[in-house]
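Position 1 is the first residue of the sequence, and the numbers go up from there. All values derive from a computational prediction rather than experimental measurement. Just the heavy atoms: all of them, side chains too, but no hydrogens, waters or symmetry mates, feed the values below. Every number for a ligand or one of its atoms is a count from 1 in the order of the listing.
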Amino acid sequence: MKGMVFTEFMEMVEDVFSVDILEDIIEKSELPNSGAYTAVGTYDHQEIVRMTDNLSQAVGIPVPTILEVFGKHLFGRFSQRYPTFFEGITDPFEFLKNIDNYIHVEVKKLYPDAELPRFHHEQKSTNQLTMYYLSSRHFEDLAVGLVIGCLAHFNTDGKVVKTEGVYQGENVIKIDITLK
Ligand code: HEM
């Protein structure tokens, strides 16, 4: 996983919790490089899984909630870091439908070693979109947080529900988004 995800995670821990908690989880997670990440480097995604587990234990918040909070934070950072992906986009569904066939494609060109999830989508009506998430890394709670961050970015209110499902014969995680 790209170092940027790690540096953003650590920044979120320091901002939302404290520097002491950050130091504590770095130590407990037995990171090969003692928690020194560079944004462009690539690291084992299990390291962030360990940090998330240790943070969950330290603060008593379930892992899925931590990943959701992190996803929301990360979306805010993406919007500052990659403004071109937002040009001319006025609503969250238009943006979300661009991830798989445009945004993540461009990300892969920038960072060929990036490990990205796949998404299929089905828009059922003007206020209902289903995203089907496929990834061996199972960061679906991060995806939910990113979707929540996306809705907030476009000043829209909505409900995001995650369930297990099947899409064209493959096991997937279904993310149903209903706008108010
Ligand atoms: C400007 C918007 C976005 C950019 C620039 C972006 C870029 C990235 C990057 C750099 C990674 C890390 C890849 C790696 O570490 O190897 C990533 C992973 C990921 N992205 Fe995006 N992303 C964006 C929006 C979204 C949104 C809105 C979603 C939610 C539907 C999403 C879902 C994910 C997930 C879940 C991962 C973790 C990897 C996995 O699940 O396998 N991304 N993205």
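At the top of the distance list for atom 2 (C) of ligand 1, counting protein heavy atoms only, stands Phe95 CZ, 3.7 Å. Of the protein's non-hydrogen atoms, Glu115 N, 2.6 Å is the one closest to atom 16 (O) of ligand 1. Atom 30 (C) of ligand 1 has Phe119 CZ, 3.5 Å as its closest protein atom, hydrogens excluded (heavy atom only). The protein heavy-atom contact nearest to atom 12 (C) of ligand 1 is Val5 CG2, 3.8 Å. With respect to atom 40 (O) of ligand 1, the closest heavy atom belonging to the protein is Tyr133 OH, 2.6 Å. Ranking protein heavy atoms by distance to atom 14 (C) of ligand 1, first place goes to Lys2 N, 3.4 Å.
Atoms of ligand 1 lying under 4.0 Å from at least one heavy atom of Ala114, given by number and element, are 13 (C), 16 (O). Those atoms of ligand 1 that come under 4.0 Å of a heavy atom in Val147, given as number and element, are 30 (C). Atoms of ligand 1 lying under 4.0 Å from at least one heavy atom of Tyr82, given by number and element, are 5 (C).
Below 30°, between 30° and 60°, or above 60°: for Phe6 and Tyr37 the angle between ring planes is below 30°, a parallel geometry.
Ring centroid separation for the pair Tyr102 and Phe85 comes in under the 6.0 Å cut-off.
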Please list, one pair per line, the donor and acceptor atoms closer than 3.5 Å that link side chains of residues 92-99 to other protein atoms, with sequence neighbours excluded.
from: Glu94; atom 1: OE1; to: Thr90; atom 2: N; distance (Å): 3.4
from: Lys97; atom 1: NZ; to: Gln123; atom 2: OE1; distance (Å): 2.5

Side-chain polar contacts of residues 159-170 - donor-acceptor pairs under 3.5 angstrom, sequence neighbours left out - could you list them?
from: Lys162; atom 1: NZ; to: Asp141; atom 2: OD1; distance (Å): 2.7

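Salt bridge status for Glu106 with Lys109: present, with a side-chain N to carboxylate O gap under 4.0 Å.
Residue contacts with ligand 1 for Phe139 involve both N, CA, C or O and side-chain atoms from C-beta outward (heavy atoms, distance under 4.0 Å). In Arg137, the part holding a heavy atom less than 4.0 Å from any atom of ligand 1 is the side chain.
In this structure a side-chain-to-backbone donor-acceptor pair under 3.5 Å is missing from Arg118 to Leu134. Distance alone, capped at 3.5 Å, is enough to place a donor-acceptor pair between the Arg137 side chain and the Glu115 backbone. For Asp44 (side chain) and Glu47 (main-chain N/O), no donor-acceptor pair under 3.5 Å exists by modelled atom type.
Inspection of the Ser18 and Asp20 side chains reveals no N or O donor paired with an N or O acceptor under 3.5 Å. Remark: the Glu122 side chain and the His120 side chain contain no N/O donor-acceptor pair separated by less than 3.5 Å.
Residues passing the side-chain contact (heavy atoms from CB on, under 4.5 Å) test with Glu27, sequence neighbours excluded: none.
The N/O atoms of Ser135, backbone and side chain alike, include one that comes under 3.5 Å of an N/O atom in ligand 1.
In this structure, Met131 has a heavy atom closer than 4.0 Å to ligand 1.
Taking CG from Asp53 and CD from Gln46, the interatomic distance works out to 9.0 Å, rounded to the nearest 0.5 Å.
Each protein N/O/S atom under 2.8 Å from atom 21 (Fe) of ligand 1 was counted, for a total of 1.
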